[in-house]
Each structure stands twice: as C-alpha cells, then as structure tokens.
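Labels below follow one simple rule: chain letters A, B, ... track the order of the sequence lines, proteins then strands, and each chain is numbered from 1.
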Amino acid sequence: TQLLEQSPQFLSIQEGENLTVYCNSSSVFSSLQWYRQEPGEGPVLLVTVVTGGEVKKLKRLTFQFGDARKDSSLHITAAQPGDTGLYLCAGPSKLTFGTGTRLQVTL
Amino acid sequence: DTGVSQDPRHKITKRGQNVTFRCDPISEHNRLYWYRQTLGQGPEFLTYFQNEAQLEKSRLLSDRFSAERPKGSFSTLEIQRTEQGDSAMYLCASSLAMRGAPLHFGNGTRLTVT
C-alpha cells in the first residue's frame, strides 16, 4: 500500500490568513485527489490533479501536483470559517488516504 | 439520485454483539468501498466490490468482519463479536469503475461499542 503523509496534522488560524497543507509520499502517483470532510459527513471531492507540475484553482483554493508526482499541496488564501474541516489527499486506487490535516478557522 | 446512503447513522452496541450496516450506492456506480475512520484520521480502506465481486480486502479486516454485495447494488458490512476497538465511523463510498474516478461517500455509520 502506498503511504501518504500529510502535514501539518492540525492547523488553527484566524479568518483572513493564508495557509498551505502538504501531502507527501515516496511513491509516484498517476494522480492525486483532495477531499474535504466536515464533522458528521463523508469526504467530498475537491479536485483531481493528474499532470506533474499541474496547478488547479478552485476559488480561494490552489492545488499543485509536484513535478515528480510524489507530492501535492493545497494553498488556501484568505481563509474563512467555512473552510473548517478535515482535508484529505488520496491516491488514484482509492485504497490509500492520507493521514489528514484538520483545519480550524476562527473569527 | 440522492447519493450514497448508509443506515443506521449511529449504532451503540455491547461488546460481544453482532452488528450489520447497510450501504446503498449511487445506482450507476459499479464500485463500492468500505472504510473505517477514527477521530481526526484519514479513512482506512477495508474492502471493495466491483459489481457483486469482492476484489480486495485489507489486512485490517479480521475474520470477524464480513461484507457482501449479493446483487451488485446495496452492500452490508457485518461485524461479529464486537470489541471496543471496533468503535469508529464506518464509511461507504461508490464510484464508476475507472481509474481516478472520484469517490462519492455516504455520511457514515458511527459505531460505539460499550
């Protein structure tokens, strides 16, 4: 099983701040997906990155896939309380999820 | 389509009892996955089906766990002789059978073993 390590594990910031979370592996992935999970709900897909070096934007969220396709990052600009949740990266086979980053955005 | 549904949402049981959870996937999805998730962690893969065939099982899935998808539609996950360590959220997801196809998750069944 390919392992995905996410960092940081927990992040507490104030509204308006910027942040970056990371997803790292020693394995090469053909693609990576990012999900967000809110308390009491299942994860919801945010984006799929496929090409090394690819950058995708989803409103204030910017996703990047590493050139070697071993890592990915998620950058949030001007975080809002609605961004609060558990952010998960996942490999293409769906058998492997990252360890997760729990984000809390306060007013 | 209303998405993936799981039943029950919550289950409290005493140690040693058997429990069964149900998952109804999105109707056109032929893949169905079961995961276990503990607080603050990512989902851990348990098993998955393509249509009615169970294609892979995690080493996490002890002999007390069994999953079925008899007609290739809904699935059940049974845990026999529950232990306190089984307490977790059990998530079901479905997808099309294409590499990279996104998973659509249900809202899970939270199991508490007392």
> When you measure from the side chain of A:T101 to the backbone N and O of A:Q9, does any donor-acceptor pair fall under 3.5 Å?
Replying inline: no
>> Check whether A:T99 reaches the backbone of A:Q6 with its side chain - one donor and one acceptor, N or O, closer than 3.5 Å.
In response: yes
>> Does any backbone or side-chain atom of A:S30 lie under 4.5 Å from a heavy atom of chain B? Answer side chain, backbone, both or neither.
In response: side chain
Under 4.5 Å from any heavy atom of chain A, what part of [X] do you find: side chain, backbone, both or neither?
X	answer
B:R9	side chain
B:Q6	neither
B:Q37	side chain

> Who wins among A:G98, A:S31, A:G40 for the most heavy-atom pairs under 4.5 Å with chain B?
Replying inline: A:G40
> Is NZ or CZ of B:R31 both nearer than 6.0 Å to the six-membered ring centre of B:Y48 and within 45° of the ring axis?
Replying inline: no
> Got B:F21 and B:L111 here, is their nearest side-chain heavy-atom distance under 4.5 Å?
Replying inline: yes
>> Please identify, among B:G42, B:P43, B:G108, the residue contributing the most non-hydrogen atom pairs under 4.5 Å to chain A.
In response: B:P43
> Once the angle between the rings of B:Y35 and A:F97 is folded into 0 to 90°, is it parallel (under 30°), tilted (30 to 60°) or perpendicular (over 60°)?
Replying inline: perpendicular
